[in-house]
Amino acid sequence: MTRYLVTSALPYANGPIHFGHVIGAYLPADVYTRTLRLMGEEVLYVCGTDEHGVAITIGAEKEGVPYAEYVARWRASIKSTFDAIGLHFDIWSGTSISPPHAELSQDFFRRLGQGGYLQERETEQLFCPKDTKFLADRYVTGTCPFCTFSPARGDECPRCGKWLDPLNLIDPSCKICGTRPERRRTRHWYLDLPKLRNEYIGKWFEGHDWKPNVQAFIGNQLKEVEPRPITRDMSWGVPLPEDLAHGEVGKVLYVWFDAPIGYVSFTAEWAAAQGRPEAWKDWWRSPDTRLVHFIGKDNIPFHCLVFPSMLYGVRQEYVLPWAVPANEFYNLQGRKFSTSAGWSIDLDDFFARYDAEATRFYLLSSAPETADSEWNWGDYQRVVNTQLADTIGNLATRVLKFIEKNFDGKIPALEPGHREELDRLLFEDCGAFTDPSESILAFRFRRASEQLIENARVANVFIDRLAPWSLRKTDPVRCASVLNTCCEWIGWVARWSTPFMPGKAQKLWAMLGNSGKVDSLGWCGLPERSTWRRLETGQELGTVEGLFAKLDDAQVQTEIATLNARHTPPA
RNA sequence: AGCGGUGUAGCUCAGUUGGUUAGAGCAACGGCUUCAUAAGCCGUGUGUCGUCGGUUCGAGUCCGACCACCGCUACCA
């Protein structure tokens, strides 16, 4: 049986996440997995923080806290934001705490070596004697040897644009402490990507149908791929296996090497927690698994080239990605999100004041699926007010309040003689309705959110055609039949809403007087005329109230003003 | 500089493998309606599909050049 193993890019435990991350890699995966579960598919959704790497050590040292404590704080903070958004993972962990992670990463390294996919090379690198660490390109500044511009970055000169090797910088200095670094020899291990490409990965990639952005990106890289160093001189990370280190000490696996293995480790951690420690292999080493990586476009090379190469190279029959729905970037009102420049929205503050589920819907409806897109406060207001509050929320209140006033708050009866005619009207004359799950499974979340609204709109057209407020006086029996039909449709809207807005779906479901969980009913698909009516006539309605709060202009203006006031563009 | 992306109605965007009069939502305007969070329904768009050229019976949709904006460029994770 097909299984869906779904991952979202592991967020780096070095700062808060923003809406770009949310709609890029997490929310679509949440909607996707919810939909699959509703359809009865076997699904595992895996995530957690990526906690190694030099940026984290620098961040922690700046604050003077131990690395483990620093990443634990961000792990919790990011999870709490995810909770506020309503993201549901089967396992949430972190690469520095997941019990199987270090050993599994080392095992990957060892097996890649055994397969002949690693190369050892000795190189010279800049070393800061004061910080006692090798310096990454970005942590060295100096004078550009080509145009004498200073300060030039270690990787590129901002003035002449030439690529630089930090070893060639004139008067290099350590960006952390200002000390002049010295050259030291060091030995590193490289992943032989050209060999992996030639053996298998090149063909595998070309035989697969990818999103255009993935295709374009990797198509080129495949031709020019070079061996990639996968070890680093530092202390924070998964240590190099001792038996392979030839006495080299102070080396760890490169964060980009161990991070994607986190997907596997976390799955193993989940399996152990289920009391079936070997069960992770059913997911990772079964040909029935569909592995889906939700990522932003910046992650494409690693998920479509490097990690698949690793999975293949250990020769343990790991599955390779089945789909990589990589999103483009999400901006904020025309500019890139930038926490340091103050161009951002604090999500803890945001979710304390705004409806998380309405926000989920807006994010999905503006997702950067085919091109960069953006969070726009005015659009957010319009979507919440016109699509959610007016079209869906008001549909419920207009029908249910009418029933409260005129039918004693109980779902009115359907006169059997009306059934065929009303069904025909609703299904044929009130506009098209479609199954949003088809778009969701095709990773088209913008379209799916439109479909949900279109489906709700059908009932609004139906009500206008049948005008129950007139029938109430002229033909109360028919009026009851019409309202009964409306309630049924609202029930369907609730069920269609479930993956997008699980809480609202439940609330709407309960408003109809239903007990039980709407998401326990499975995916409803499209209604069929003979079987679509499900409600109990005479059932007492629940509490009827507005589903969505509207945003007013002043509020939106304030948000935009606050954003602009906080913005401090770098000098 | 290289690579990638984008450029379609006022705004945000869809436009599958090239094919009848280029679409949606929002906004705007007109009409209908009053059950509802002044909500709902119906109707209304003469858009150089960035520019120029090419392929084709036929191109927004393929090819080339150019222009504009954006992003990335690998030990930044």
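Below, chain A is the first sequence line, B the second, and so on; all start at residue 1.
When heavy atoms are screened at a 4.0 angstrom cut-off, A/A259 is found touching no nucleic acid atom at all. In this structure, A/R228 reaches the bases: a heavy-atom distance under 4.0 Å links it to at least one base atom across the strands shown. Residue contacts shown for A/F329 are limited to sugar-phosphate atoms, with no base heavy atom under 4.0 Å away. Contact annotation for A/L483: no contact, since no heavy-atom pair falls under 4.0 Å across all strands. Looking at heavy-atom distances under 4.0 Å, A/V383 makes no contact with the nucleic acid at all. Counting non-hydrogen atoms under 4.0 angstrom, A/F548 reaches a base of the nucleic acid. If you check every strand for non-hydrogen atoms under 4.0 Å, A/S373 touches sugar and phosphate atoms only.
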Can you name the atoms? Protein N/O to nucleotides 22-31 of chain B N/O, anything below 3.5 Å, with the distance.
| unit_1 | atom_1 | unit_2 | atom_2 | d |
| --- | --- | --- | --- | --- |
| B/G25 | O2' | A/Q387 | NE2 | 2.9 |

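B/C35 has no base stacking with the ring of A/F402 when judged by centroids under 5.5 angstrom apart and an interplanar angle below 30°.
Ring to ring, A/Y362 and A/W375 are close: their centroids are under 6.0 angstrom apart.
Within residues 293-303 of chain A, the residues that place at least one heavy atom under 4.0 Å from RNA chain B are, in residue-number order, A/N299.
Of the candidates B/C75, B/C72, B/U33, B/U33 carries the atom nearest the A/W469 side chain, counting heavy atoms from C-beta on.
Here A/K251 does not reach the OP1 or OP2 of B/C75: none of its side-chain N or O atoms lies under 4.0 Å away. One finds a side-chain N or O of A/K401 lying less than 4.0 angstrom from the OP1 or OP2 phosphate oxygen of B/U37.
At least one side-chain heavy atom of A/T186 sits under 4.5 Å from a side-chain heavy atom of A/K251.
Here the straight-line distance linking atom CZ of A/F361 with atom CD of A/Q387 works out to 5.0 Å at 0.5 Å rounding.
Within the structure, side-chain hydrogen bond (donor to acceptor under 3.5 Å, both in side chains) pairs that include any residue of residues 293-303 of chain A comprise A/T7-A/H293, A/Y263-A/H303, A/K297-A/E328, A/K297-A/D372 (at least two apart or interchain).
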